[in-house]
Amino acid sequence: MARMSDLDAQFEAAAAAASGLATDPGTAAKLRLYGLFKQATSGDVTGRRPGFTDPVGRAKYDAWAAVTGTGRDEARRAYIALVDELRGASA
């Protein structure tokens, strides 16, 4: 069970680091972060895809739907790896 709490701590640290990146990682990276975060915390996407009048909501939904079926721990690891990569790029 210690590994789970280690992963939880790493995920929380990555989430905090993501909001404090030195440079803007760009829309694609932010959407990937969003999708992985939602998958890691809420599981597979639910609800209907927003319509064309809500382009931001639609992009977020699509980013989350792109990782549907990814396990919670796998999504957390991918999120941590992406944040680490972005932190390296902004350093």
Side-chain angles (χ1 to χ4, degrees):
M1 199 63 159
R3 290 195 71 203
M4 184 65 115
S5 63
D6 288 348
L7 184 57
D8 289 343
Q10 290 174 3
F11 181 74
E12 288 178 21
S19 63
L21 290 171
T23 58
D24 186 336
T27 302
K30 287 190 277 190
L31 285 171
R32 178 91 175 127
L33 285 169
Y34 176 84
L36 288 169
F37 184 87
K38 291 294 283 182
Q39 187 70 21
T41 58
S42 302
D44 289 345
V45 69
T46 58
R48 297 182 64 186
R49 183 177 188 230
F52 71 93
T53 59
D54 182 7
V56 172
R58 192 177 182 106
K60 286 180 168 184
Y61 182 94
D62 290 349
W64 188 3
V67 293
T68 294
T70 303
R72 176 184 171 118
D73 288 349
E74 185 181 347
R76 286 174 171 225
R77 286 185 194 97
Y79 182 89
I80 292 163
L82 181 55
V83 170
D84 286 347
E85 179 184 321
L86 293 171
R87 289 176 73 192
S90 68

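Here the structure is a predicted model, which is why all the values come from computation and not from measurement.
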Measuring from Lys38:NZ to Thr46:OG1, what's the distance to the nearest 0.5 Å?
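Separation between the atoms: 8.0 Å.
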Atom CZ in Arg49, atom CG in Asp54: separation rounded to 0.5 Å?
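These two atoms lie 10.5 Å from each other.
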Does Leu7 belong to the same Ile/Leu/Val/Met/Phe/Trp/Tyr cluster as Val83, with side-chain heavy atoms less than 4.5 Å apart forming each link?
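Yes, one cluster joins them.
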Between Val45 and Leu36, is there a shared hydrophobic cluster once you connect ILVMFWY residues whose side-chain heavy atoms come closer than 4.5 Å?
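Yes, Val45 and Leu36 fall within the same hydrophobic cluster.
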Please find the pair of heavy atoms, one from [X] and one from [Y], that lie closest to each other, and give the distance.
X     : Y     : answer
Ala40 : Arg76 : CB-CG, 3.5 Å
Arg58 : Pro50 : NH1-O, 3.0 Å
Trp64 : Ser42 : CZ2-CB, 3.8 Å
Gln39 : Val67 : CD-O, 3.4 Å
Asp44 : Thr70 : OD1-N, 4.5 Å

Counting only N and O atoms by type, is there a donor-acceptor contact under 3.5 Å from the side chain of [X] to the main-chain atoms of [Y]?
X     : Y     : result
Ser19 : Ala16 : yes
Gln10 : Ile80 : no
Tyr61 : Gly47 : yes

Hey, is NZ on Lys60 packed in by over 12 heavy atoms from elsewhere, all under 6.0 Å?
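For Lys60, atom NZ is not crowded (no more than 12 foreign heavy atoms under 6.0 Å).
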Could you pull out all residues at least two apart from Phe37 that satisfy ring-ring contact (aromatic ring centres under 6.0 Å, His included)?
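Expected list: Phe11, Tyr79.
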Listed by chain and number, what are the side-chain contact (heavy atoms from CB on, under 4.5 Å) partners of Glu12, not counting sequence neighbours?
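Listed in chain order: nothing, the list is empty.
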